[in-house]
Amino acid sequence: MNRSSTADEPFNLSAPQPADEDAPLWRVAVPTPLRKLYDYLPPVALTAEQCARVTPGVRVKVSFGRQQLIGVVVDCDAQSDFQRSKLKPVLELLDNDSVFSADIERLCHWISRYYQYGLGEVMSNALPVLLRKGRSVSAQVKRWRLTTNGKGLPEGALRGAKKQALLLALLQRGEQSPETLKEQGISAAISRAMVDKGLIEQVLIDEALAVPSAPLPATLRQSALTLNAQQQRALDEVPDTGFAPTLLQGVTGSGKTEVYLQLIHRQLEAGRQALVLVPEIGLTPQTQQRFIDRFDCPVAMLHSAMSDTARLEVWRRARVGQLGIVIGTRSALFTPLPQLGIIIVDEEHDGSFKQLEGVRYNARDAAVVRAKDCAIPIVLGSATPSLESLHNAQQGRYRHLELLERAGGAEPPAVQLVDVRQQNMHEGMSGELLEAMREELQRGRQVLLFLNRRGYSPSLMCHQCGWCADCHNCDAKLTVHLKPRQLHCHHCDSRYAIPAACPNCHSGNLLGEGIGTERSQRALEQLFPAVPVLRVDRDTVSRRGELDELLAEVHSGEPCILVGTQMLAKGHHFPDVTLVAIVDADAGFFSSDFRGSERISQLLVQVAGRAGRAEHRGRVLVQTHHPEHLLMRQLLEQGYHAVAQSLLAERQVLGLPPCGYLVMVRADARHEQLAEQMLARLRDALQGLAGSEVTWVGPMPALMVRRQGRFRAQIMLRSGSRGLLAQLAGAVVGWLEADAEARKMRWSIDVDPQDTL
DNA sequence: AGCACGCCGACT
DNA sequence: GTCGGCGTGCTC
Ligand SMILES: [Zn+2]
Ligand SMILES: [Zn+2]
């Protein structure tokens, strides 16, 4: 494709003018947060006939303001109310066919509409990074072929030059790869000579066209396991075709994965593919390995640690049907699969399916929409389902299947509260906990400690006057780190030296307040000098692979203590760990976010499931200052299901999700009050629109008002009617885009927010 | 979001 | 005198 070289030169008056003033325009979704589509003239290099063959979904390079961007044509037969003489031409057409399959294109439209983000930004999210940058959709391979002149030669021409005649004969049969020609003894010099004669040429063609893909094998590499009655029932209940959302609730070790594998096998046998969505850090090679071990067909992963090239390669193979199974994190939702047969969302309760910046979509919810659109089954699996999915099941929207039997009849670990009130604590650990640890370690077992704070301690305080080290950019305390020795703001990433004396009273008596993983590790190293203490958090495992190295040591089975954050709670099973401790469960249960209790309950159940095996039962100690707390008691005595029912009842009363719907609007500005004032005007302007069906909560300052030097505020919309709220969300965005003050600050809209803080 | 333009304070 | 912070406006 040729690019127009004249588009940007205003003095060039001879720039080609469109012959027809009514000629159709191209409407382009440009990757910008602006929620608009932009009209362009078709590229000047294209004839009307060529234009007519262009279909929506092709990528184009356009001049946008002073920059060049790659967008997606959403309509190539548009009329514009924009002044025609002001339209710019498309600079370059990048594709012959749509980059989106029909289902992905519809999914983009749905996400754009439901989450209130521009189609351009959504479509950009839906494409691999390299495609956003203009890389071609198919891998390109080199082929030799005859030029028009070459085609004019009769068969048996070029008698005089034997090798050239051979090359001619080969190419008269069709295009040939450089490799084939080499095998036939055609040297570079021969080709060169023929090129010089203008008889042959080298072209790049799509790999997909060059190598027609064979049907994938549906055979098993490893035979399926025998299912218990509940697993079998689950397998029977999920149909092969038709939209059928299913919540598969299975306690850890109940064999959810085996059900997934057998459901997928049925799809492979029917010549269809499967998409498996997994949480961000739950993605261990072990997950992939079970799928690879089971099936002969190609299985591929998609996750954030992969290179852009590797991700593009998976996308390309998936698109042409070369992959039977794609397993991936959030953005794998957009993987094109020609005959998608089933979607599995594993650990569906996990928060990482929701994108927290940019287009704030929930991949689990969008996956349900994709499955509905494709009329295929979708399985949401978890030991601790989200209240959303439980509610959907109870409302009859999802089928609810339970797996209650643990394989091999292993007993669930015993969970026990440790009342730490008035106890002598040693670096956050009670005597009871330390004693239990000592016992297990002496037996040669492993111990796992959860502590949701990185660093040495979450704040630095002057013991003399109470001064506390805080960030210059944020309303936040600085975390003390000893390795490397510095104060670190976890909110804006700024770093400071640890002062030798208090800047307020000059006392040298500065103390770390509170316990982080680093501090806990140090304390444990002193208490148990004979046992390795491994720390797993973002500071120790920043690289991917580091975690696996660390875990390899754990899986050797030698006694050790693992100290870690949430990071440890996902995906990994530790068969030799017989004691798990939650160092501080209170933070979760008393969180000011409405999902706090749900999350901590899920965490407790999940970590309990991580420990022990059939031959030695694990136990879980939960340290708390509130052993009488109703939910905590209920969780221990009656299990997750009972807690979930209590929480659902509570949400019902409060009109919170899933019994009501939320939209959060956040704004920040350089100066205090500005954001809050703007949100107040937003409320005043739109409050009348929805009446009493919608509750406006706020505006209010964010929990941390100042962050990265900006002052933040938020307002929440709550309603029992999803439709009404969606409509209002549209009005909110419209108002924000039009308001002169709002345009000067940063704002974002979050439909179905994960957090309300 | 980028990106450029324009304005005012402070330094090589 | 310029360099650069940031407030403002625009993107078919
Ligand atoms: Zn002091
Ligand atoms: Zn900060």
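These numbers come from the heavy atoms of this one structure, side chains and all, not from hydrogens, waters or symmetry mates. None of these values were measured; they are calculated from a predicted model.
Residue T32(A) places its side chain closer to dA1(B) than to any other of dA1(B), dT11(C), dC12(C).
With rounding to whole Å, Q67(A) atom CD is found 13 Å from dT11(C) atom P. Atom NZ in K61(A) sits roughly 16 Å away from atom P in dC12(C) (whole-Å rounding). Summarising the geometry, the separation between CD on Q79(A) and P on dC12(C) is reported as 19 Å, rounded to the nearest angstrom. Per the geometry, CG belonging to D668(A) stands 9 Å off P belonging to dA1(B), to the nearest Å. One interatomic measurement links the two molecules: NZ of K86(A) to C1' of dC10(C), which rounds to 12 Å at whole-angstrom precision. When the P atom of dC12(C) is taken as reference, atom CZ of R35(A) falls 19 Å away, rounded to whole Å. The interatomic distance linking R132(A) (CZ) with dG2(B) (P) rounds to 13 Å, in whole Å. One interatomic measurement links the two molecules: CZ of R66(A) to P of dC10(C), which rounds to 10 Å at whole-angstrom precision.
Place R670(A) and L34(A) on DNA chain C by their nearest nucleotides, and R670(A) ends up nearer the 5' end.
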Step by step, would you call S124(A) with E121(A) a side chain to side chain donor-acceptor pair (under 3.5 Å)?
-> CA-CA 5 Å; S124(A) 174; E121(A) 210 182 355; over 6 Å; no
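Contact between the side-chain N/O atoms of Y38(A) and the OP1/OP2 oxygens of dT11(C) is not found at any separation under 4.0 Å.
Among the heavy atoms of the strands lying under 4.0 Å from K744(A) are primed sugar atoms or P, OP1, OP2 only; no base atom is included. If you check every strand for non-hydrogen atoms under 4.0 Å, F64(A) touches a base.
Side-chain contact of E348(A) with S389(A): a donor-acceptor pair under 3.5 Å is present, judged by distance alone.
No more than 12 heavy atoms of other residues, nucleotides or ligands shown are found within 6.0 angstrom of CZ on R135(A). Around atom CZ of R743(A), no more than 12 heavy atoms belonging to other residues, nucleotides or ligands sit under 6.0 Å away.
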